[in-house]
Colleague: 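Take a look at this one; I'll ask things after.
Chain naming here is simple, since letters A, B, ... match the order of the sequence lines and numbering starts at 1 in each.
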Amino acid sequence: MSESKDELSAADWRRTHTCGELRSERVGCKVTLNGWVDSRRDHGGIYFVDLRDRYGVTQVVLREEIADSIKLGPEYVLSVRGEVAARGESNRNEGLPTGDVELIAERVEVLSTSEVPPFEVLDDLDTAIETRLRYRYVDLRRGPLQRNLAHRSRFINAMRRAFEDEGFLEIETPILTRATPEGARDYLVPSRVHPGNFYALPQSPQIFKQILMVAGYDRYFQVARCFRDEDLRADRQPEFTQLDMEMSFVEEEDVWAVWERVLAHTFRESMDVEVTVPFARMRYAEAMERFGSDKPDRRFGMELVCVGEWAASSEFGVFRDTIAGGGRVMGLVVSGGAELSRKQIEALEVLAKDYGARGLAWWKPADDGGAGPLARFMNGDGAPLMEQMGATEGDLCVFVADRAAIVQRSLGELRVHLGRSRGLVGETSWEFLWVTHFPLFERDEESGGWTSSHHPFTAPEDWNLGGEGADLSSLASRSYDLVLNGWELGSGSVRIHRSDVQQRVFELLGITPAEQELKFGFLLEALAHGAPPHAGFAVGLDRIVALSLGLENLRDTLPFPKTTSAADLMCAAPSRVSAEQLGDVHIELDAAARAASDAAGAEA
RNA sequence: GGGGAUGUAGCUCAAUUGGUUAGAGUGCCGGCCUGUCACGCCGGAGGUUGCGGGUUCAAGUCCCGUCAUCCUCGCCA
């Protein structure tokens, strides 16, 4: 180095530019860059270093005397002072935005050294997620993740601005709150000052935002962290973020209109994408009947076809008996599916059975009766069923006979599977869909009682709940989901703002007046103190951000995601705690927990 | 809670029917090289085959158990 160590440390090491911004206009300027050593190329008399930060990469040239004076390793953090030089025609790097210039180093300071990283910081690296999560700070230096997180920031900020412009107030609600009796398992936090009592982390700010409506904050929104202690999936994390909102003195259409404006603004601002507004709308019952799903992917057809009439009069006993027993028989046409082998069709049957179907009947249609197990019930004439299915020779028809819910579910899942595997799903499009009028209640298979399809605060379509002795399964709710390309992005509803109706719904859900008082007393009380009609909605930000990036797994849009077993591999959470800490919160482990905790401790 | 897949060098993977000293690419370290840009060339280090047990003359390979990761059914008001 040309200067002594003392002069160096006295000198200002701070950057004048980022590693992504130098262009030809700066040739001749003295600049300072800060960044990480991305790659090194030692040519003996001349030494190249690519210096990286989240803005880009700039080539730094170290002449022999500087290169010989320092030791550089991968991911070292440097401050480089020097002059910007033109690269010249033959030396330009077309692949780099800064490729027309380079920095001729005059002074290099190592701000920080680095262990050899566990994997290389490359855009297209194929490292096991386990290793990436363990060393997330290295993984997060990679371009795709930096771009994803930057996109997420822009997306959320655009949404925030849109809500502010609509007159909404951003209001925070508690993270330490009380356990709810229904819904997902709560994450619990033991109280030190209230022995034997626990806070719960919120599954959503639902009750708080309703109480804000009662309090007169008629337009609320929040970027809210939510927690649910349930098993995970690629599209599900134990803690996740919602863009949550609620409005007073409105009905469904008002909520939808706000969201249509907000999302149009958000996609325009953050992605330069124009989305079609207003969004399409479809009732739940229609979605189930046509697509076998409450979140239909409408990018391809292959809709379910009801063949109940044909089945009722067919000679196939299973079909006939199903119809006679009040069930349904429906089918799908797999275009060009006649090419599928028996083995491939059996794989489809396995899939259908995963979702409750008892079997999958199939038929390769033709005028003469076609082929497959159903062919012998055609009496040599396939035309009538072909016409009803809208099938032609060369297609494959598959059928499920069962209770309506099972028929729709299994064929709906089959449809999505076939749509993907047969390449029917086109490019990602931005055709949003409101699915409306979900059932108010569902049967709980285990207890035989009733549960809310959405949540117990959802308004019924009929404030009288159908009167005394009504068939609860037939009641529709004023809830709605927002769906995009087969993904549920969010859900909401008009709420119950009448204390008496809320109590009646609790009662139908089997919550006794004593329980209501104990667990929801504060809400019922609030509703009895002047509650305006209100409605709201929340989207899963992780999902919509992932989808807007074309990703199906949430992990690449989150800085510190957890594993399928809800562990953080970087900081090794959850962990055991000292006996003293447990004592503080009045917790004693049982024998099984002690053993598991000791085993985990021994491994670590 | 159930089902499936995976686990070998820092990383990504290979290793025939159970058979010699577990290999390759990449990264790392050293040497050479004045225009590279995923530089190149030469050399080197690097292994509890996830862990525990079993079968066998012999186990990365077969069996049992266990742990971790991923996908998934249930679950997720």
Side-chain angles (χ1 to χ4, degrees), chain A residues 38-51 57-64 67 71 73-75 85 87-96 98-99 102 104 114-135 138-139 180-186 203-204 206-207 226-238 240 350-351 353-356 409 413 438 440-442 444-446 450-458 477 479 488 491 493 505-506 509 511 520 540 552-553 555 562-565 567 569 596 599-600 602-603:
Chain A
D38 193 55
S39 72
R40 300 158 292 156
R41 294 174 293 279
D42 182 358
H43 285 262
I46 188 166
Y47 190 105
F48 300 98
V49 175
D50 286 345
L51 203 63
V57 168
T58 302
Q59 173 164 284
V60 173
V61 180
L62 306 188
R63 298 293 179 195
E64 199 162 8
K71 163 82 182 79
E75 300 305 316
R87 287 240 215 156
E89 259 332 289
S90 58
N91 286 329
R92 279 167 44 193
N93 184 345
E94 304 281 351
L96 217 56
T98 61
E102 60 195 358
I104 311 297
S114 171
E115 304 272 312
V116 174
F119 48 87
E120 297 155 74
V121 181
L122 297 173
D123 280 7
D124 57 353
L125 200 67
D126 188 23
T127 306
I129 188 71
E130 197 172 350
T131 312
R132 292 175 50 198
L133 292 180
R134 174 139 179 232
Y135 301 96
V138 175
D139 196 32
T180 48
E182 288 194 70
R185 268 187 290 272
D186 287 311
Q203 296 179 27
S204 82
Q206 182 60 37
I207 293 177
C226 306
F227 307 85
R228 294 178 191 176
D229 187 4
E230 294 291 346
D231 288 347
L232 308 179
R233 290 286 190 286
D235 62 350
R236 230 194 271 162
Q237 284 274 310
F240 59 99
V350 168
L351 193 69
K353 284 180 171 174
D354 283 344
Y355 295 97
R409 173 101 201 272
E413 295 288 349
F438 280 75
L440 187 62
F441 298 119
E442 283 169 0
D444 182 350
E445 302 286 343
E446 282 173 34
W450 294 94
T451 60
S452 297
S453 332
H454 183 47
H455 58 52
F457 320 112
T458 304
S477 74
S479 66
E488 181 199 319
S491 59
S493 60
V505 167
F506 283 148
L509 291 171
I511 305 175
F520 295 111
E552 296 205 339
N553 196 303
R555 291 195 184 89
K562 291 186 171 56
T563 67
T564 311
S565 63
L569 296 182
E603 275 168 35

Colleague: Base of C76(B), side chain of D229(A) - is there a donor-acceptor contact under 3.5 Å?
Modeller: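 Check fails, no donor-acceptor contact within cut-off.
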Colleague: Measure from the side-chain heavy atoms of R236(A) and tell me the nearest of C29(B), C75(B), C33(B).
Modeller: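 Selected nucleotide: C75(B).
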Colleague: Let's see if you can work this out: which of U69(B), G27(B), G35(B) has an atom nearest to the side-chain heavy atoms of Q59(A)?
Modeller: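 Looking only at heavy atoms from C-beta outward on Q59(A), the closest nucleotide is G35(B).
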Colleague: Taking side chain as C-beta onward, heavy atoms only, is T180(A) less than 4.5 Å from H455(A)?
Modeller: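 No. Closest side-chain heavy atoms not under 4.5 Å.
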Colleague: If you only use heavy atoms from C-beta on, which nucleotide in G35(B), A77(B), C39(B) is closest to the side chain of H455(A)?
Modeller: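 Minimum distance to the H455(A) side chain belongs to A77(B).
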Colleague: Measuring from the side chain of I129(A) (C-beta onward, heavy atoms only), which nucleotide among U69(B), C71(B), G35(B) has the closest atom?
Modeller: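 Taking heavy atoms from C-beta onward, the closest nucleotide is U69(B).
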Colleague: With hydrogens left out and only the distance checked, is there a donor-acceptor pair under 3.5 Å joining R87(A)'s side chain and the base of U36(B)?
Modeller: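 Counting by modelled atom types and ignoring angles, a donor-acceptor contact under 3.5 Å is found here.
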Colleague: Is it the case that the base of G74(B) and the side chain of D231(A) share a donor-acceptor contact (distance under 3.5 Å, atom types as modelled)?
Modeller: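 Pair found.
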Colleague: Looking across every strand, which nucleic acid part, if any, lies under 4.0 Å from N553(A) by heavy atom: base, sugar-phosphate, or nothing?
Modeller: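 Counting heavy atoms under 4.0 Å across all strands, the contact made by N553(A) is with sugar-phosphate only.
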Colleague: Mark yes or no for a side-chain to base donor-acceptor pair under 3.5 Å between E230(A) and G74(B), with no hydrogen or angle criteria applied.
Modeller: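 Not at all, since no donor on one side and acceptor on the other fall under 3.5 Å apart.
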Colleague: Ignoring backbone atoms, establish whether R41(A) has a side-chain N or O less than 4.0 Å from OP1 or OP2 of U36(B).
Modeller: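 Negative; the distance criterion is not met.
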Colleague: Between R409(A) and E413(A), does any NZ, NE, NH1 or NH2 come within less than 4.0 Å of an OD or OE carboxylate oxygen?
Modeller: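 Salt bridge between E413(A) and R409(A), a charged N being under 4.0 Å from a carboxylate O: yes.
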Colleague: Going by the angle between their ring planes, with limits at 30° and 60°, are Y135(A) and F119(A) parallel, tilted or perpendicular?
Modeller: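 The arrangement is perpendicular - the two ring planes meet at more than 60°.
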Colleague: Between C70(B) and T564(A), is there an OP1 or OP2 to side-chain N/O distance shorter than 4.0 Å?
Modeller: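 Indeed, a polar side-chain atom of T564(A) lies that close.
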Colleague: Taking any heavy-atom pair under 4.0 Å as a contact, classify S565(A): base, sugar-phosphate, or nothing.
Modeller: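 Contact class for S565(A): sugar-phosphate only.
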Colleague: What is the nucleic acid contact for K353(A), judged by heavy atoms within less than 4.0 Å: base, sugar-phosphate only, or nothing?
Modeller: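 Touches nothing.
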Colleague: Answer yes or no: does a side-chain N or O of R228(A) lie under 4.0 Å from OP1 or OP2 of A77(B)?
Modeller: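 Looking at the OP1 and OP2 atoms of A77(B), one of them is under 4.0 Å from a side-chain N or O of R228(A).
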Colleague: Could you check whether N93(A) gets within reach of a base, just the sugar-phosphate, or nothing at all, counting any heavy atom under 4.0 Å?
Modeller: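 It contacts base atoms.
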Colleague: What's E413(A) touching, base or sugar-phosphate or nothing? Going by heavy atoms closer than 4.0 Å.
Modeller: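 Nothing, no heavy atom under 4.0 Å.
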Colleague: At 4.0 Å (heavy atoms only), tell me whether T458(A) reaches a base, stays on the sugar-phosphate, or touches nothing.
Modeller: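 Result for T458(A) = nothing.
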Colleague: Looking only at the side chain of R233(A) (C-beta and beyond, no hydrogens), which of the listed nucleotides U36(B), U69(B), C73(B) gets closest?
Modeller: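 In terms of side-chain proximity for R233(A), the closest of U36(B), U69(B), C73(B) is C73(B).
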Colleague: Hey, is D50(A) close enough to R41(A) for a salt bridge, meaning N to O under 4.0 Å?
Modeller: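 Looking at R41(A) together with D50(A), the answer is yes, because their closest N to O distance falls below 4.0 Å.
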Colleague: Verify the neighbour count for atom CZ of R40(A): are there more than 12 heavy atoms of other residues, nucleotides or ligands below 6.0 Å?
Modeller: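 Yes.
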Colleague: Ignoring the backbone of A234(A), work out which of G74(B), C76(B), U72(B) is nearest its side chain.
Modeller: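 The answer is U72(B), which lies nearest to the side chain.
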Colleague: Answer with yes or no whether R40(A) presents, from its side chain, a donor or acceptor under 3.5 Å of a partner atom in the base of G27(B).
Modeller: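 Check fails, no donor-acceptor contact within cut-off.
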Colleague: Partner of G40(B) by Watson-Crick or G-U wobble geometry, both contacts under 3.5 Å, or none?
Modeller: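 C32(B) - that is the nucleotide pairing with G40(B), both distances being under 3.5 Å.
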Colleague: Measure from the side chain of I46(A), starting at C-beta and using heavy atoms only, and say which of A68(B), G35(B), C70(B) lies closest.
Modeller: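 Closest nucleotide to the I46(A) side chain: G35(B).
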Colleague: Side chain of R63(A) only, heavy atoms from C-beta on: which candidate in U34(B), C11(B), C28(B) is closest?
Modeller: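 Among the listed nucleotides, the one closest to the side chain of R63(A) is U34(B).
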Colleague: Can you tell which of U12(B), A77(B), G10(B) lies closest to the side chain of E120(A)?
Modeller: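 Of U12(B), A77(B), G10(B), G10(B) is nearest to the side chain of E120(A).
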Colleague: Any heavy-atom pair between the side chains of L440(A) and W450(A) that's under 4.5 Å?
Modeller: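 They are not in side-chain contact.
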Colleague: Considering only heavy atoms and no angle criterion, is a donor-acceptor pair shorter than 3.5 Å present between the side chain of R555(A) and the base of C70(B)?
Modeller: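 Flag unset: no donor-acceptor pair detected.
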Colleague: Just to be sure I understand the rule, does Y355(A) reach a base, reach only the sugar-phosphate, or reach nothing, if contact means heavy atoms closer than 4.0 Å?
Modeller: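 Contact class for Y355(A): sugar-phosphate only.
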Colleague: F119(A) on top of C11(B)'s base, within under 5.5 Å and under 30°?
Modeller: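 So no, this residue does not stack on that base, at least one cut-off failing.
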Colleague: Would you say that T458(A) contacts S452(A) through its side chain, given a criterion of any heavy-atom pair below 4.5 Å between the two side chains?
Modeller: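 Contact flag for T458(A)/S452(A) side chains = no.
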Colleague: Can you check whether any acceptor in the base of G35(B) is under 3.5 Å from a donor in the side chain of R92(A), or vice versa?
Modeller: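 In this structure, the two groups form no donor-acceptor pair.
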Colleague: Which part of the nucleic acid, if any, lies within contact of P456(A), taking any heavy atom under 4.0 Å across all strands shown: a base, the sugar-phosphate backbone alone, or nothing?
Modeller: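 Base contact.
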